[in-house]
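Okay, structure first, notes after.
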Protein chains: 2
Amino acid sequence: MTFSLTSPFRKTFSNSLREKGLRPTKQRECVYGIILDKRDHPTADDIYYRVKKYLPGTSFATVYNCLETLVGCGLVRQVNMDRSPTRYCPNLTPHAHFKCNKTGRIYDIQIDEDTLSRMNALVPQGFEAENIDLSFSGTGNALEN
Amino acid sequence: MTFSLTSPFRKTFSNSLREKGLRPTKQRECVYGIILDKRDHPTADDIYYRVKKYLPGTSFATVYNCLETLVGCGLVRQVNMDRSPTRYCPNLTPHAHFKCNKTGRIYDIQIDEDTLSRMNALVPQGFEAENIDLSFSGTGNALEN
DNA sequence: AGTTATAAATGGAATTATTCTAATTATTAA
DNA sequence: TTAATAATTAGAATAATTCCATTTATAACT
């Protein structure tokens with residue numbers, strides 16, 4: 001059994017790939033579906049084991065390849081916190097991340113327009129920011145811990 | 001020949017270490033001096049080769065050990081951009097980093113109090129941020145490139 | 001449908017930054 | 001000056017990721 005995207009996601013998925021002349025393979029669909037599914041910022045390793053349940057023949061290289069492709073198409077984003085393994089996130093709105101040092105869990109934090117533009121205003125003349133990255137670490141939601 | 005800190009830095013250096021019951025060794029002084037010297041955000045690798053000029057017997061493990069110690073004492077800060085090697089920075093004021101994708105160079109960007117407090121205000125109730133990290137990447141200072 | 005050209009997937013080896021380990025050397029306190 | 005402890009050392013180990021050569025799947029064209 002393969003991991004099937006629901007219709008609107010499937011459309012976004014194949015359109016984004018086709019726009020770049022790339023093929024919507026079942027491995028790519030599965031990886032994308034898994035990232036959309038739990039939204040728990042899984043690592044490549046996490047994704048690998050989840051993909052295996054649907055497509056047992058999948059290799060690590062494929063997971064990395066798929067992730068690179070999905071990132072390249074703008075379908076998912078990489079989240080890097082310090083030197084820990086890269087995590088993947090389907091939330092494409094401007095947001096920051098908060099990592100709880102106790103649980104390792106990562107939370108999305110929305111950034112309002114005003115704060116976002118202030119942050120962008122920090123960039124000096126002559127510099128052109130393509131990417132902005134804001135992250136926090138500390139102790140997470142006391143209620144959940 | 002060893003790398004000697006100028007008097008005010010040397011004092012900060014040995015005080016910070018002694019406060020934690022750690023020894024101000026020549027390797028630690030050298031690593032710290034090198035980070036203060038060029039302020040170009042060197043990697044452990046960069047630091048290793050620079051240290052070797054002064055203390056040829058120094059090993060990689062020592063460089064990593066020294067860096068860990070210096071970070072632990074709050075004398076230097078780690079700068080992580082994506083998955084690239086960790087860089088080290090003696091600037092302890094609140095500041096962001098800008099990485100030029102063309103040259104690889106990293107620039108410090110000051111963060112004003114107002115913007116900083118707005119960023120901190122993004123953290124939701126129940127979360128306690130110990131660390132905040134803001135970084136940009138894109139194309140750097142056109143005049144310098 | 002069948003062929004062909006090309007893109008993607010695969011398994012395993014290689015790479016890279018970093019950490020660990022056990023033995024040696026240096027520093028500090030008594 | 002010695003003893004206790006901390007730091008350094010060389011090299012092995014690890015972990016995440018990338019590379020490579022081969023096989024398989026996909027899409028375009030008969």
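Below, chains carry the letters A, B, ... as their sequence lines are ordered, and counting in each starts from 1. Please read these numbers as outputs of a predicted model, since none were measured by experiment.
Using modelled atom types, one side-chain atom of B:Asn120 and one backbone atom of B:Leu116 make a donor-acceptor pair closer than 3.5 Å.
Taking a 4.0 Å limit (strictly below) on heavy-atom distances, residues 70-92 of chain B reaches DNA chain C at B:Pro85, B:Thr86. Across residues 39-48 of chain A, not one residue has a non-hydrogen atom less than 4.0 Å from an atom of DNA chain C.
Under a 4.0 Å N-O distance rule, the pair B:Lys38/B:Asp46 does not qualify as a salt bridge.
Residues A:Asp108 and A:His97 meet the side-chain proximity criterion, which asks for heavy atoms closer than 4.5 Å. The closest side-chain heavy-atom distance from B:Cys66 to B:Thr62 is below 4.5 Å. The side-chain heavy atoms of A:Phe127 and B:Asn141, taken from C-beta on, include a pair separated by under 4.5 Å. By the 4.5 Å heavy-atom criterion applied to side chains, B:Lys26 and B:Tyr54 are not counted as neighbours. Side-chain contact between B:Ile111 and A:Leu122: present, with at least one pair of heavy atoms (C-beta onward) separated by less than 4.5 Å. The closest side-chain heavy-atom distance from A:Arg18 to A:Pro24 is below 4.5 Å. Two residues are said to be in side-chain contact when any heavy atoms from C-beta on lie closer than 4.5 Å; A:Asp114 and B:Arg118 meet this criterion.
Applying the salt bridge (charged side-chain N to carboxylate O under 4.0 Å, His left out) definition to pairs two or more places apart or across chains, none involves residues 62-91 of chain B.
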What N/O pairs connect the protein and nucleotides 3-6 of chain C at under 3.5 Å? Give each pair on its own line.
| unit_1 | atom_1 | unit_2 | atom_2 | d |
| --- | --- | --- | --- | --- |
| C:dT6 | O2 | A:Arg23 | NH2 | 3.4 |

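In this structure, B:Thr62 reaches the bases: a heavy-atom distance under 4.0 Å links it to at least one base atom across the strands shown. Counting any heavy atom pair closer than 4.0 Å across all strands shown, A:Gly57 reaches sugar-phosphate atoms only and no base atom. At the heavy-atom level, A:Thr69 lies nowhere under 4.0 Å from the strands shown.
Between the CZ atom of B:Phe60 and the P atom of C:dT19 there is a distance of 12 Å, rounded to whole Å. Distance A:Lys52 NZ to C:dT10 C1': 10 Å, rounded to the nearest Å. The distance from atom OH of B:Tyr64 to atom P of C:dA17 is 7 Å, rounded to the nearest whole Å. Summarising the geometry, the separation between NZ on B:Lys26 and C1' on C:dT27 is reported as 10 Å, rounded to the nearest angstrom. Atom CG of B:Asn65 is separated from atom P of C:dT19 by 10 Å (rounded to the nearest Å).
Under the 4.5 Å side-chain heavy-atom criterion for ILVMFWY residues, no single connected hydrophobic cluster contains both B:Ile109 and B:Met81. The same ILVMFWY cluster, assembled from side-chain heavy atoms under 4.5 Å apart, contains both B:Leu22 and B:Val63.
Where the helix from C:dA1-D:dT30 to C:dA30-D:dT1 starts and where it ends, the local axes point in directions that differ by 30°; five pairs per end, rounded to 10°.
Under the 30°/60° scheme for interplanar angles, the aromatic rings of A:Phe98 and A:Phe136 are found to lie parallel. B:Tyr49 and B:Phe60 have perpendicular rings, their planes meeting at more than 60° on a 0 to 90° scale where under 30° would count as parallel.
When each of A:Ala61 and B:Val63 is assigned the nucleotide of DNA chain D with its nearest heavy atom, B:Val63 is the one assigned upstream, toward the 5' end.
The minimum heavy-atom distance linking B:Pro94 with B:Gln110 is given by the pair O-NE2, 3.6 Å. Between A:Ile106 and A:His41, the shortest heavy-atom distance links the atoms O-ND1, 3.3 Å.
Between chain A and DNA chain D, the heavy-atom contact criterion of under 4.0 Å yields a 5' to 3' nucleotide range of D:dA16 to D:dA27.
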